[in-house]
Amino acid sequence: MKKLQDLGSALIDLLEQVEQPLEPVLAEMESTGIRIDIQYLNSLSSELRETLESIEKKTYEAAGVEFNLSSPKQLGEILFEKLRLDRRKSRRTKTGWSTDVSVLEKLELDHPVVALVIEHRMLSKLRSTYVDTLPKLVEKETGRVHTDFNQAVTATGRLSSSNPNLQNIPIRTEFSRRIRKAFLPKKDWKLLSADYSQIELRILAHLSGEELLQEAFRNGDDVHALTARLLLDKDDISLEERRLGKTINFGVIYGMGAQRFARSTGVTKSEAKEFLSRFKLRYPKIFSFLELQERLALSKGFVETLLGRRRFFHFDRNGLGRLLGKDPYEIDLDLARRGGLEAQQLRAAANAPIQGSSADIIKVAMVQLQEMLKLANLPANLLLQVHDELVLEVDPNFLTEVKALVIRTMQQAFSLDVPLVVDIGVGNNWMEAK
DNA sequence: CATATCACG
DNA sequence: ACGTACGTGATATGG
C-alpha cells in the first residue's frame, strides 16, 4: 500500500474500487464453471480422426514419402529439399525453414501436398487443443470445466485464462464453430453472450479526441467503411475495400507498418505507404496521440489507462533510458525507434492505454453486473470473460430482464466522449449465442 | 526445456 | 538499407 500511495490516488482507487471487488466475482465464475457436452465432443473427435487419417494418406501419396506431419522440421525438409519448392517464399528459423500458415499459403498453388498440410494443421490443432482436451477436464459430478482467471499476469491489465484457456476457444472457421456448440448453459437455461462493439477503436477515438472518428461513432456510422472512403477518396465502397479500411483501423492500434499492411491486404508496398500517410493526414489526432504515448514511455517510464493503470518500461540506461525526465516533445521518435527491440517496446507503449482501458471498462462492468444480479436475486450466472465479451447462463423466464441489465450495465460502465455499444445474443450453446 | 506453430481478443 | 502488429496460453516435436 505504501508503494501504491506514493504512485498516486488513482492507483489506490483502481485497486480498491475495481481489482479487489473483481476478485470474488472471478472466484465465483471459476467455481461455477461452464457446462460441456462430452458426448458431442467425443463424436467430433472420431470424425476428426477419420478425416485426419484420410488427409495423411493423401499427403504421403502426394509427397511420395511418409513423415510426421506434426513436425515442422520434417515438413520443411520435405517441402524445400525433397520437393524443391521455392525457398524464397519461406524464411530461415533457428531449426530450418519456416512452414507456418502464411508460408504454406504462398506455396499452395505450387504443389498439391501444401493444401493438404494446411487442412491437416488446422484440424489437428483443433483436435489436440480442444476436442480431445476439454472432455478430460470436465468435473464428473457437475459436467463443467473450471478455468483459472488470472488477475495479475498481463502487462496491460487484461485478464488471462488458463487450465484450460477458455479465452481462445475457436470461432473463425467453419469447423471451429462446431466446437463452440459444445459449450452449454445449465439444463433448460439459455447461454447469453454480450460483447462491446469495437471498444478499442472507440477508446482510441475518445483518448485521441479525433473528431471525425468520434462523430462517426456518435452517428452510428460504419467506421471501417468511413476509413476506406477517406483513404480511397470516394463515396461508394465495396466489401473488399471495407476490409482494407478495417485492416488499417486495427493495424494502427498495433503500430502496423507498410510492409505488414501490404502483406495482409494484398496491395503493393508503395500503395500501403500511400494509405498509411493518407490515414495520418485524415486522422491527425490519432497519430499525435499514439506518438505521445511513445514519448511518455520514454520521458516518464510509463503510460496510463483511463483508470490510471500503469504499464512501466525499462529502457537501457546507456541508450533510450537517458531520455528519462526529458520533455516528451523534445524527444526524436524516429531516432528512438531505430533499434528493433526498442521499436517493439514503443509500439507496446502506444497500444497499452487502449488495450488496458478496455480492460478497465469491462472489469468495472463485471463488478457492477454481479452486484446487480445479486441485489435483484436474478437467476443468472456470469461464466466467462473474453476481453470484450461476457458470457452468462440465464433462466429463460428472466431473459428479458437480464438482457436489459447486461446491456445497460456494460454500456454505462464508463462514460466516454463516444457511445459504448453492446451487442447481445442468446442461444442453446455458445455458437448460437454469438 | 527451447522452439515453432496457432487458437483467441 | 532495413525493418514493425499489440496482448495472451497450449500443443507437439526434438534435444
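Below, chain A is the first sequence line, B the second, and so on; all start at residue 1. Values below: every heavy atom of this structure, side chains too, minus hydrogens, waters and symmetry copies.
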Distance, P atom - from B:dA4 to C:dT4, rounded to whole angstrom: 15 Å
Think A:Arg310 forms a cation-pi with A:Phe302, using NZ or CZ under 6.0 Å from the six-ring centre and within 45 degrees of its axis? yes
Look at A:Glu304 together with A:Arg309 and state whether they make a salt bridge at an N to O cut-off of under 4.0 Å. no
Rounded off to whole Å, could you give me the CG-to-P distance for the A:Leu384 and B:dG9 pair? 13 Å
A:Arg127 CZ - B:dT5 C1' separation (whole Å): 19 Å
Counting any heavy atom closer than 4.0 Å, what does A:Asn168 reach on the DNA or RNA strands: base, sugar-phosphate only, or nothing? base
Name the pairing partner of C:dC2, where a pair is Watson-Crick or G-U wobble with both distances under 3.5 Å, or state none. none
Please report the distance, rounded to the nearest Å, between CZ in A:Arg158 and P in C:dG7. 10 Å
At under 4.0 Å, does any side-chain N or O of A:Arg121 touch on OP1 or OP2 of C:dA12? no
Check this for me: does the side-chain of A:Arg337 come within 3.5 Å of the base of C:dG3 through a donor and an acceptor? no
Atom CG of A:Asn163 and atom P of C:dA10 are separated, to the nearest Å, by 5 Å
Which one is paired to C:dA10, where only Watson-Crick or G-U wobble pairs with both distances under 3.5 angstrom count? B:dT5
Please find out if less than 6.0 Å separates the ring center of A:His224 from that of A:Phe250. yes
Is a donor-acceptor contact shorter than 3.5 angstrom present between the side chain of A:Arg347 and the base of C:dA5? no
Salt bridge between A:Lys58 and A:Glu53, side-chain N to carboxylate O under 4.0 Å? no
